Amino acid sequence: MSSSDNNTAASAGTANRKPVRVWVDGCFDMMHFGHANALRQARAMGDYLVVGVHSDVEVEKNKGPCVMKEDERYAAVAACKWVDEVVKDAPYVTTLEMLDEYDIDFVVHGDDITTAADGTDCYQIVKDAGRYQECKRTVGISTTELVGRMLLLTRDHHIRGSRAIKSPIQG
């Protein structure tokens, strides 16, 4: 068999293969490069990336309030070049039924544990079913970190501003 025959056979095998569908879910509040890096890694593990974004109600119940409204978070995720499809109002705890509904082969999440309000691992069901893979979390960036920085900057700004403005009484 010639090398061109090998290439044709290889491409035919690839063409007949079912595309690997990967699921990632999350809040994606204040979408940042850590989120994008996780989506990039997940997309590299398959052929088609489906991203579930949790509703404001689900996030509030399990994690606390978001800075961005859910429609803003849906739009931010949809704008990411590695995302093929966005699922709105994704459940906070990932279920096998939901993965089957979207024909998902496996779930990808960062190497940090995510728990629901009751303390259970949000991915334990899919881990137990062998449909879970991890990607590396981007160190030094998170929505919590960004909000903390913003609060510190605002506080420092107001402290500096109050020292700079003298009261008319002080002269």
Side-chain angles (χ1 to χ4, degrees), residues 4-139 141-144:
S4 65
D5 290 338
N6 283 337
N7 290 341
T8 303
S11 61
T14 304
N16 294 332
R17 167 178 80 75
K18 175 193 170 288
V20 175
R21 294 174 56 90
V22 179
W23 173 272
V24 171
D25 59 26
C27 305
F28 300 99
D29 198 14
M30 296 178 61
M31 181 86 171
H32 52 71
F33 77 89
H35 292 131
N37 191 35
L39 296 172
R40 178 192 58 77
Q41 290 178 74
R43 181 60 169 77
M45 294 180 191
D47 302 307
Y48 191 87
L49 181 61
V50 180
V51 181
V53 180
H54 310 309
S55 70
D56 289 343
V57 170
E58 279 290 284
V59 176
E60 177 96 28
K61 181 174 85 175
N62 289 284
K63 191 174 183 176
C66 285
V67 174
M68 295 170 67
K69 294 176 175 65
E70 67 188 77
D71 286 338
E72 296 167 333
R73 295 183 290 110
Y74 298 149
V77 171
C80 182
K81 70 180 186 177
W82 295 291
V83 175
D84 295 300
E85 181 179 345
V86 173
V87 174
K88 298 176 180 181
D89 194 18
Y92 203 80
V93 175
T94 307
T95 66
L96 295 174
E97 293 79 16
M98 198 237 12
L99 297 183
D100 291 343
E101 178 182 342
Y102 289 94
D103 195 26
I104 301 298
D105 294 293
F106 60 89
V107 174
V108 174
H109 191 269
D111 52 9
D112 55 326
I113 295 175
T114 301
T115 57
D118 64 4
T120 60
D121 182 334
C122 293
Y123 301 102
Q124 194 60 56
I125 295 166
V126 293
K127 287 176 180 177
D128 291 346
R131 293 175 69 180
Y132 178 85
Q133 294 188 35
E134 285 185 351
C135 64
K136 287 289 178 196
R137 191 173 177 282
T138 306
V139 177
I141 185 75
S142 69
T143 302
T144 303

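Just so you know, these numbers use all the heavy atoms, side chains as well, and skip hydrogens, waters and symmetry mates. No experiment lies behind these values; they were computed from the predicted model shown.
Put simply, the residue from Lys63, Lys61, Arg73, Lys88 that forms a salt bridge (Lys or Arg N to Asp or Glu O under 4.0 Å) with Asp56 is Arg73. Each of Lys18, Gln133, Arg131 was checked for a side chain to side chain donor-acceptor pair (under 3.5 Å) with Asp105, and the lone residue meeting it is Lys18.
How far OG1 of Thr115 is from OH of Tyr123: 11.0 Å, rounded to the nearest 0.5 Å. For the atom pair Gln124 CD and Thr114 OG1, the distance stands at 12.5 Å (nearest 0.5 Å). In this structure, CE on Met68 lies 9.0 Å from CE on Met31, to the nearest 0.5 angstrom. How far OG1 of Thr94 is from CD1 of Ile125: 8.0 Å, rounded to the nearest 0.5 Å.
Residues Glu72 and Cys66 form no side-chain contact, since every pair of their non-hydrogen atoms from C-beta on lies 4.5 Å or further apart. Val59 places none of its side-chain heavy atoms less than 4.5 Å from the side chain of Phe28.
Panel note: side chain Glu58, backbone Tyr92; a donor-acceptor pair is recorded below 3.5 Å. Listed for the His54 side chain is a donor-acceptor partner under 3.5 Å among the backbone atoms of Ala90. When atom types are taken as modelled, the side chain of Arg137 and the backbone of Gly110 share no donor-acceptor pair closer than 3.5 angstrom. For the pair Asp47 (side chain) and Val20 (backbone), a donor-acceptor distance under 3.5 Å is present. A donor-acceptor distance shorter than 3.5 angstrom exists from the side chain of Arg21 to the backbone of Tyr102, with no hydrogens or angles considered. The backbone N or O of Lys136 sits less than 3.5 Å from a side-chain atom of Gln41, completing a donor-acceptor pair.
Considering all non-hydrogen atoms of both residues, Cys80 and Leu39 come closest at SG-CD1, 4.0 Å.
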Kindly determine whether Val77 and His35 satisfy side-chain contact (heavy atoms from CB on, under 4.5 Å), including the steps that lead there. CA-CA 9 Å; Val77 171; His35 292 131; over 6 Å; no

